[in-house]
Protein chains: 2
Amino acid sequence: MTEDTAKPVSRPVKKRQARGEKRMAELLDAAAEVFAEQGFAKASTNAIAAKAGASPGTLYQFFENKEAIAEALMARYVTRLREAHGEAFDLAVAELPLEAMLDRIIDPVVAFDRANPGFYALLSDPQLAPELASAKRPAQKLMFERLDKILEKKAPGLPPEKRTLTAEVAVHLFRGLLPMIMAAEEPDLPKVVKETKRALRAYLSTTLPPEPRRITGSGA
Amino acid sequence: MTEDTAKPVSRPVKKRQARGEKRMAELLDAAAEVFAEQGFAKASTNAIAAKAGASPGTLYQFFENKEAIAEALMARYVTRLREAHGEAFDLAVAELPLEAMLDRIIDPVVAFDRANPGFYALLSDPQLAPELASAKRPAQKLMFERLDKILEKKAPGLPPEKRTLTAEVAVHLFRGLLPMIMAAEEPDLPKVVKETKRALRAYLSTTLPPEPRRITGSGA
DNA sequence: TGCAAATACGAGTCATCACTCGTATTTTAG
DNA sequence: CTAAAATACGAGTGATGACTCGTATTTGCA
């Protein structure tokens, strides 16, 4: 009963070989492309397998069904997003003035979203099956909870309900601008990102306490 | 060659009877429900026909294909949206102070969107076929162009490019909050709508010239 | 009243697709 | 070296769903 392999899970836990891990990664890469192009609903599992240079049978050796593919892909995205700007680093951001803070948060997220169109495709699809919605949730929570914590540090006096609403609204505001961010051609991107920050800054500064005045000269 | 029925269109223009118009309306009502529940991709034409109390054959007597249903539905929504707050009335809104203006614009739109979940379902679906995207466009243009005109009146000095960007961003900000607006339970709605207005007001007031001071007392 | 057009039906067609299964090959453990 | 486990294949299966078509009924019009 105390063996290390004793999992009460019903899944027949196979020992994965290195080859298998690699295949899974290839399949997820392919899935990301196909989802980005077709969206989850229209994407076909056979197309994913083909793009990965695998057969349908192989695909189903690693993923129970189509949804499991999206879930695994999402999980990978969440991991990568966490890595992209590490957890510890994040809370320090609350010490910065609003404008600098937004730079630090938004730039990496924009870069990540543009580098991973499959992530955007899954995240922005409003009618995914309930199971998939739950796969989406961690990704949304990720941003929401971080902002919530940052706001808590930046405005300790704010009542929690108000703070939570603010964080939620801010995340949705950003998501609203994501289509513009994703669609922008490279040269137009800075303009769009700048406007995004302006909008968020305008909104947040109505909720946050006024910033302490900055000395224009050097701080030495 | 100058007959009133001389249309170079390839469509075999049938004479529609009153019964036919009614059927089309019923089918569009059913389609709206099914799209709202399942989304466009998962919605089945047979389900739409069944919900309308019609047969598949009847459905295809009125609509060339599934996309045509969504296009017709969108066209109907755009018409209704135009009616909801008439064109002429709209420009007068630019004379109001920002806060009152947002009340006048946002309240009807929120009411419309909540009353027509099918509209939201089509509008928020990011991967519709290209033809459908073009059916969506008028709906998006509707809000964008109106805002653009209003901004032009409210801030004549603003360079057109800047004004257009502002209008586009504002519309996207609103769309970003739509999921919250749609998901809110009736009692929570005012809170969400209020926050929506706060966000838009904050953003727009950074672009618009400062408002003339209002006299707090009565104007008499 | 009678006929042509419009409306209505729904079983059937055909393509697509998620997923399976029998089998063949490669890897790892002993 | 060998057997079991893991990986790989891809034709096949069953379900679903968009759309058709032959036919029946209703309506508008002369």
Side-chain angles (χ1 to χ4, degrees), chain A residues 3-5 7 11-31 33-35 37-73 125 127-132 135, chain B residues 5 11-31 33-35 37-73 127-129 131-132:
Chain A
E3 318 165 42
D4 51 357
T5 56
K7 285 206 177 177
R11 302 259 179 90
V13 190
K14 289 194 209 175
K15 231 191 274 182
R16 189 95 59 209
Q17 300 182 347
R19 189 173 38 144
E21 297 283 359
K22 195 179 173 189
R23 255 292 196 245
M24 280 188 70
E26 288 165 357
L27 287 164
L28 288 183
D29 288 341
E33 282 183 52
V34 178
F35 289 157
E37 285 163 14
Q38 322 258 345
F40 177 79
K42 286 191 68 186
S44 100
T45 56
N46 285 20
I48 293 171
K51 180 156 269 182
S55 72
T58 296
L59 185 154
Y60 282 95
Q61 206 121 42
F62 296 103
F63 302 101
E64 293 238 328
N65 50 41
K66 193 180 171 185
E67 279 182 9
I69 302 170
E71 277 168 35
L73 183 58
D125 197 331
Q127 31 246 134
L128 295 184
E131 294 82 23
L132 258 207
Chain B
T5 55
R11 302 260 178 90
V13 190
K14 289 193 207 176
K15 230 190 277 180
R16 190 95 60 209
Q17 300 183 347
R19 190 172 38 142
E21 297 283 357
K22 194 179 175 187
R23 255 291 196 245
M24 281 187 70
E26 288 165 356
L27 286 165
L28 289 183
D29 288 340
E33 282 184 52
V34 178
F35 288 157
E37 285 163 14
Q38 321 256 348
F40 177 79
K42 286 191 67 185
S44 100
T45 56
N46 286 19
I48 293 171
K51 182 158 268 182
S55 72
T58 297
L59 186 153
Y60 282 95
Q61 205 118 41
F62 295 103
F63 301 100
E64 293 238 329
N65 50 41
K66 194 180 170 186
E67 280 183 8
I69 302 170
E71 276 168 34
L73 183 58
Q127 31 246 132
L128 295 184
E131 293 80 25
L132 258 206

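Proteins come first, then strands; the chains are lettered A, B, ... in the order of their sequence lines, and each starts at number 1.
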### Query
About how many Å separate CD1 of B:Ile48 and CD1 of B:Ile69, when rounded to the nearest 0.5 Å?
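Reported value, rounded in 0.5 Å steps: 4.5 Å.
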### Reported OG1-to-CG distance for the pair A:Thr45 and A:Leu27, which is rounded to 0.5 angstrom
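One finds 10.5 Å between OG1 of A:Thr45 and CG of A:Leu27.
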### Task
Look at all strands and tell whether B:Ala54 reaches a base, only sugar-phosphate, or nothing, counting heavy atoms closer than 4.0 Å.
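Sugar-phosphate contact only.
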### Task
Would you indicate what A:Ala43 reaches in the nucleic acid, counting non-hydrogen atoms under 4.0 angstrom: base, sugar-phosphate, or nothing?
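Sugar-phosphate contact only - A:Ala43 comes under 4.0 Å of backbone atoms but never of a base.
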Write down the distance between [atom1] ([X]) and [atom2] ([N]), rounded to a whole number of angstrom.
X	N	atom1	atom2	answer
B:Glu21	D:dT26	CD	P	21 Å
A:Gln38	C:dC17	CD	C1'	13 Å
A:Leu27	D:dC9	CG	C1'	13 Å
B:Phe63	C:dA8	CZ	P	12 Å
B:Ile69	D:dA18	CD1	C1'	10 Å
B:Gln61	D:dT26	CD	C1'	12 Å
A:Met24	D:dA8	CE	P	12 Å

### Considering all heavy atoms, the nearest B:Gln38-B:Lys42 contact
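Nearest pair, atom of B:Gln38 first, then B:Lys42: O-CB, 3.5 Å.
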### Message
My understanding is that only residues two or more places apart in sequence, or in another chain, count here; which of them pass salt bridge (Lys or Arg N to Asp or Glu O under 4.0 Å) with A:Lys51?
### Response
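Only A:Glu33, A:Glu37 meet the salt bridge (Lys or Arg N to Asp or Glu O under 4.0 Å) criterion with A:Lys51.
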### Query
For nucleotides 19-29 of chain C, read 5' to 3', which letter fits each nucleotide if B means a protein heavy atom sits under 4.0 Å from the base, S means only the sugar-phosphate is that close, and - means neither?
BBB----BSS-
### Task
Answer yes or no: is there a side-chain heavy-atom contact under 4.5 Å between A:Leu28 and A:Phe63?
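Yes, at least one pair of side-chain atoms sits under 4.5 Å.
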### Message
Please check: side-chain N/O of B:Lys66 versus main-chain N/O of B:Ala43, any donor-acceptor pairing under 3.5 Å?
### Response
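Checking the backbone N and O of B:Ala43 against the side chain of B:Lys66, a donor-acceptor pair under 3.5 Å is found.
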